[in-house]
**Student:** 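Here it is, the structure, as structure tokens.
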Amino acid sequence: MFANKHKPLVCLRQQISNAHRSTAICHLPPRPSINQIKQAHAHIIVSGHAGDSGLMGHLIAFLSVSPTTSFDYCLSLYQTVRCPSVFVFNNMIRCFAKSNSPFESIVLYSYMQRSFVRPNKHTFTFLLQACSKALAIKEGIQVHAHVMRLGFQEDVFIRNALIHFYSACCRFECSKQVFNEDAQWRDIITWNSMLTAYVRDGQISVAVKMFGEMQVKDVISWSTMIMGYVQNGLLEEGLECFKQMRERGTRPNEAILVTILSASAQLGLLGQGRLIHSTIDSLNFPITVPLGTALIDMYAKCGCIELSKLIFNNMPEKDIWSWNVMICGLASHGHAREALALFESFLSEGFCPVNVTFVGVLNACSRAGLVSEGRHYYKLMMENYGIEPEMEHYGCMVDLLARAGCIVEAAKMIETMVLKPDPVLWATLLGACKIHGHVELGEKIGSRLIQLDPTHDGHYVQLAGIYAKARKWDDVIRVRRLMTARSTNKIAGWSLIEVQGRVHRFIAGDREHEYSPEIYKMLEMIGSRIAEAGYSPNISPVLHDIGEEEKENAIKEHSERLAIAFGMLVTEVGDCIRIVKNLRVCEDCHDVSKIISKVFLREIIVRDGSRFHHFKEGKCSCLNYW
DNA sequence: ATAGGGTTAG
């Protein structure tokens, strides 16, 4: 009878030790479920050992490492313990450190002290984890003092936790101090933690130096360095670092793969993204939800929305972000109806939309000029889901309304918004004034914008564009001179094209490229073929007060034309040409791209600052609505 | 008996 009563507990211990043993062999240790723990708990109670500190300690320890910890259950177990041991306290502190209320660890620690239970080295690692997560700077500093007083300052685990804590709380100097105190208490994790501290502090060049000096690098070192590059906007350097890691034979982890997929996506490098995808496949790397989501995003941002859809539809499990990136991807490609339909299935699957979801939804509406739908979803967002509109939402709505010609309504929205309106909103409105030929209103908004931000040349350009469209050449020249007088600099536009893994970047009038002579010959050829097809240049985008002929030359040498010409030189006839641009496509280049797609039977996909243009058979997917 | 570092998406 007695033996029988204790059997489940023996089983539990057996399972725990089996779990540990099997970790080394297979990747998924068979852990007892919460139900099995509850069964064991029931047996402990029945056998009259309820509240036993040792037994409960084990149960709590087990729960605190379980990925699906029930914190309430943990707490209820703890509350039954009559006289909690340091082991029970430690595991409870660990449990809280993992939870959404890490500050409770600190509360429990002070209770532990009042109960005269002496902390040990394990206490501090868990406690500092909690302080890092809670960003509890003052408390963490006190904990540091306790560490010193109790003589644990030489424990490498605790030192690492301290470096991490200070770096999490943005006390970079303190991390450095702990790191520098004595080199003999360092291990790979100390180095990695310090590397993270440098990266977090934005000291990327110091991080690079340190990374180079590290004798031993593990996958976390690489991951920290790669993420450091990418998060600091050094995308190409991040990709290069990944390449070096692969050359050394280090197997990437999920975080690295997600990060470099994001870097490829941001750069719009399809070849690079594909290469990573095939690396994932050849490594037999499991496509987890985050990885699948990163792939969807990468393909969408590299122009292959169909592949995004394929991956999305084949993902056995999706989270809200998988849906968000898919909805936003469809919107950026102008597949408005599909994006909205997906949003509706998202709702019927029981997901709750967040702000980003509505950026996608409203973007879809604005791209396709779906005014009443846009109004409907904007209202739905605020009234049903209680989401306060952010700048991006306003951006979509102002764009949607203004383009549809509801300029007064759009202006009213900007004037009455709670947030301080971003000048971009006025600039959007200005753009709409240009489309609709509202010279007077445009003039008003343009002058106001220039007043607001006289160093931003884009406003002068837009205003001059309005005058140019109205053929008010004197005003064009006046604004242009104003722009020169205030010595603002135009943001340099560039276009890039990836050919066989190499990135070729062009700026307007570029003559640096090794194939420049051939590129300009190709441009000439394109020019005469499209002229035969009836094209005549639309020169209003050119604002320089120069002669007509020179104006024509200036637009002929826009960066995307050079990229397209190069693409036609180096790819097979009939191949799709993919271009990434930092700024918006000008009207004339948009027209030219359409004609090229028809005359040369070439698909051209251009990603500009905010959307995709898919040129095919003389038409663009944006329906000239951009 | 228990420990430590990195996690993206508009």
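Proteins get letters first, then strands, A, B, ... in listed order; numbering begins at 1 in each.
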**Student:** For A/I311 and B/dT8, what is the distance between atoms CD1 and P respectively, to the nearest whole Å?
**Tutor:** 20 Å
**Student:** Among B/dG6, B/dA9, B/dA3, find the nucleotide with the atom closest to the side chain of A/K121.
**Tutor:** B/dA3
**Student:** Please report, rounded to the nearest Å, how far the P atom of B/dT8 is from the CZ atom of A/F242.
**Tutor:** 18 Å
**Student:** By the 4.0 Å heavy-atom rule, please label A/Q129 as base, sugar-phosphate, or nothing.
**Tutor:** sugar-phosphate
**Student:** Report the residues that fulfil ring pair (Phe, Tyr, Trp, His ring centres under 6.0 Å) with A/H333, sequence neighbours left out, ordered by chain and then residue number.
**Tutor:** A/F612
**Student:** Taking any heavy-atom pair under 4.0 Å as a contact, classify A/N120: base, sugar-phosphate, or nothing.
**Tutor:** base
**Student:** Within the structure shown, what part of the strands sits under 4.0 Å from A/T259 by heavy-atom distance: base, sugar-phosphate, or nothing?
**Tutor:** nothing
**Student:** Just call it for A/S262: base, sugar-phosphate, or nothing, with non-hydrogen atoms closer than 4.0 Å on any strand.
**Tutor:** sugar-phosphate
**Student:** Got a salt bridge between A/E154 and A/R159, using NZ or NE/NH1/NH2 to carboxylate O under 4.0 Å?
**Tutor:** no
**Student:** Figure out the CZ/C1' separation between A/F89 and B/dA3, and round it to whole Å.
**Tutor:** 19 Å
**Student:** Would a line drawn from the ring center of A/F152 to the ring center of A/F124 be shorter than 6.0 Å?
**Tutor:** yes
**Student:** Taking only Lys NZ, Arg NE, NH1 and NH2, and the carboxylate oxygens of Asp or Glu, determine whether A/K318 and A/E349 approach each other closer than 4.0 Å.
**Tutor:** no
**Student:** When all nucleic acid strands are considered with a 4.0 Å heavy-atom cut-off, which category describes A/R94: base, sugar-phosphate, or nothing?
**Tutor:** sugar-phosphate
**Student:** Do A/F165 and A/H144 make the cut of ring centroids closer than 6.0 angstrom?
**Tutor:** no
**Student:** Quick one: A/I93 CD1 to B/dT2 P, roughly how many Å, whole number?
**Tutor:** 17 Å
**Student:** State, without any angle test, whether A/Q129 and A/T125 hold a side-chain donor-acceptor pair at a distance under 3.5 Å.
**Tutor:** no
**Student:** Quick one, which residues of residues 315-338 of chain A touch DNA chain B with a heavy atom under 4.0 Å?
**Tutor:** A/W321, A/V325, A/C328
**Student:** Are A/F157 and A/H122 an aromatic pair by the rule of ring centers under 6.0 Å?
**Tutor:** no
**Student:** Could you work out which one of B/dA1, B/dT8, B/dG6 sits closest to the side chain of A/M227?
**Tutor:** B/dG6
**Student:** Can you figure out which of B/dA9, B/dT8, B/dT7 approaches the side chain of A/A255 most closely?
**Tutor:** B/dT7
**Student:** Between B/dT2, B/dG6, B/dA3, which one does the side chain of A/H164 approach most closely?
**Tutor:** B/dG6
**Student:** For A/F126, which contact category applies under a 4.0 Å heavy-atom criterion: base, sugar-phosphate, or nothing?
**Tutor:** base
**Student:** B/dT7, B/dG6, B/dA9: which one has an atom nearest the side-chain heavy atoms of A/E254?
**Tutor:** B/dT7
**Student:** Classify the nucleic acid contact of A/H122 as base, sugar-phosphate or nothing, counting any heavy atom under 4.0 Å across all strands shown.
**Tutor:** base
**Student:** Could you check whether A/D155 gets within reach of a base, just the sugar-phosphate, or nothing at all, counting any heavy atom under 4.0 Å?
**Tutor:** base
**Student:** Tell me: OH of A/Y78 to P of B/dT2, nearest whole Å?
**Tutor:** 21 Å
**Student:** Is the A/F211-A/W222 ring centre distance short of 6.0 angstrom?
**Tutor:** yes
**Student:** Starting from P on B/dT7, measure out to CE on A/M225 and report it in whole angstrom.
**Tutor:** 14 Å
**Student:** Would you jot down, in residue-number order, the residues of residues 166-174 of chain A having a non-hydrogen atom under 4.0 Å from DNA chain B?
**Tutor:** none
**Student:** CD of A/Q231 versus P of B/dT7: gap in Å, rounded?
**Tutor:** 6 Å
**Student:** Quick one: which of B/dA3, B/dA9, B/dT8 gets closest to the side chain of A/T293?
**Tutor:** B/dA9
**Student:** Between A/Y109 and A/F89 (judged by ring centroids, cut-off 6.0 Å), do the two rings come close enough to count as a pair?
**Tutor:** no
**Student:** Could you tell me how far apart A/I188 (CD1) and B/dA3 (P) are, to the nearest whole angstrom?
**Tutor:** 20 Å
**Student:** Could you work out which one of B/dG6, B/dT2, B/dT8 sits closest to the side chain of A/I220?
**Tutor:** B/dG6
**Student:** Cationic tip of A/R186 within the cone over A/F179's six-membered ring, i.e. under 6.0 Å and within 45° of the normal?
**Tutor:** yes
**Student:** Mind checking whether A/Y378 and A/F358 have ring centres under 6.0 Å apart?
**Tutor:** no
